[in-house]
Amino acid sequence: MEASIASYAQGTLPRNISGHRKASPTAYAHRPSGVNSFKSSSLFGESLRVVSQRTVTSKSRHAASAPLTITKCEIGDSLEEFLTKATPDKGLIRLLVGMGEALRTIAFKVRTASCSGTACVNSFGDEQLAVDMLADKLLFEALQYSHFCKYACSEEVPELQDMGGPVEGGFSVAFDPLDGSSIVDTNFTVGTIFGVWPGDKLTGVTGRDQVAAAMGIYGPRTTYVVALKDLPGTHEFLLLDEGKWQHVKDTTQIGEGKMFSPGNLRATFDNPDYQKGYIKHFVM
């Protein structure tokens, strides 16, 4: 699932990445009113002056000779403003905004919920934490109340769940409700990861078939990072004190890093070739 968000950072990430594998009414009840989106602030430094652009062309034959319309997704936009400029698909906008509402509620619960283990287990036999179950429930409810999700599944509930949305014009979503939930008590950063596919299929599809992918990051600050199929790069939103998502950063390329952290180190105990052919190649 971690690969989902990387799928649309076009030309900047490995090409073989693919994704795998109803907020409740109360989650939407509190919406701050009368809060104006600020367009610039020294709080975020120079990054607020960066503007990403998207060219929208008309399908009309007569529009070919007309000047191209440029829609700017500006730093400082709210999530709703950004999505309205970034995509004409109102169903996708509604789904992503709904998921944003769920992420906001999960962020609060991660900060306040008890993280002791429960007797519940998922269908793979792994122990779940109370906050896992809560995040899972909130996300399924958000998808159901969006009215544009046909099927959904999660790491905790891998079987397809019918969310009641349409097949034509609807979407299917796979998500990890709270990646890293077992380390919440250590106060490390944890997150929610999800991918959005068109229609009613979550099998036989790849990350490149997605129309959107996103992750919510719950750390020292809460962010919502979104990638859209027709908009290059990834786009980061910060959860402000008043409960609004504010567009604060665009990432369209990734420079050479100074650190490398290989994953799945447990596999080195079961597969000597993994240790020899992969870990030693990059680390030694």
Requested in this report: Rounded to the nearest 0.5 Å, what's the gap from CG on L79 to CD1 on I93? Could you check?
Outcome: 9.5 Å
Report task. Please examine the side chains of L95 and L143, heavy atoms only from C-beta on, and report whether any two atoms are closer than 4.5 Å. Result -> yes
Query raised in the report: What is the distance from atom OG1 of T84 to atom CG of D89, rounded to the nearest 0.5 Å?
Result: 11.5 Å
Report task. Check V173 against L202 and note the closest heavy-atom contact, atom names and distance. Result -> O-CD1, 3.6 Å
Query raised in the report: Mind checking whether L231 and T87 have side chains closer than 4.5 Å, heavy atoms only?
Result: no
Query raised in the report: After noting the C-alpha distance and the side-chain angles of L103 and T222, does the key distance pass the side chain to side chain contact (heavy atoms under 4.5 Å, CB included) rule?
Result: CA-CA 9 Å; L103 297 182; T222 300; 6.0 Å; no
Requested in this report: For residues R104 and Y224, determine if any side-chain heavy atom of one lies less than 4.5 Å from a side-chain heavy atom of the other.
Outcome: no
Query raised in the report: Taking C-beta and beyond as the side chain, do V225 and T251 meet within less than 4.5 Å on heavy atoms?
Result: no
Report task. May I ask you to decide if P177's main-chain N or O and T192's side chain share a donor-acceptor pair within less than 3.5 Å? Result -> yes
Query raised in the report: With side chains defined as the heavy atoms from C-beta onward, is the minimum distance between L228 and L83 less than 4.5 Å?
Result: yes
Query - Minimum heavy-atom distance I75-V248, with the two atoms named - result: CD1-C, 3.8 Å
Report summary line: The single option from Q246, K85, H247, H235 that satisfies side-chain hydrogen bond (donor to acceptor under 3.5 Å, both in side chains) with D77 is K85
Query raised in the report: Would you say S154's side chain and F175's backbone share a donor-acceptor pair under 3.5 angstrom?
Result: no
Query raised in the report: In Å and rounded to the nearest 0.5 Å, what is the OH to OG1 distance from Y218 to T223?
Result: 9.5 Å
Query raised in the report: Can you tell me if Q161 uses its side chain to pair, donor with acceptor, with the backbone of E159 under 3.5 Å?
Result: yes
**Report entry** Least distance between heavy atoms, L138 atom then A102 atom
**Finding:** O-CB, 4.0 Å
Query - From W245 atom CH2 to E81 atom CD, the distance as rounded to the nearest 0.5 Å - result: 16.0 Å
Report summary line: Between the NZ atom in K201 and the CG atom in L160, the distance rounded to the nearest 0.5 Å is 10.5 Å
**Report entry** Which atom of D209 lies closest to which atom of P198, heavy atoms considered
**Finding:** O-CD, 3.4 Å
Query raised in the report: Going only through I, L, V, M, F, W and Y residues with side-chain contacts under 4.5 Å, is there a path from V167 to M163?
Result: no
Query raised in the report: Heavy-atom distance under 4.5 Å between the side chains of F237 and F82, does that happen here?
Result: yes
Query - Heavy-atom pair of closest approach, residues Y151 and D162 - result: CD2-CA, 3.8 Å
**Report entry** Closest heavy-atom pair and its distance - C149, A152
**Finding:** SG-CB, 4.1 Å
Report summary line: Distance col, row E155:CD vs S181:OG, nearest 0.5 angstrom, shows 8.0 Å
Query raised in the report: How about F194 and L139: do any of their side-chain heavy atoms sit closer than 4.5 Å?
Result: no
Requested in this report: Please tell me if the side chains of W197 and V211 come closer than 4.5 Å, counting only heavy atoms from C-beta onward.
Outcome: no
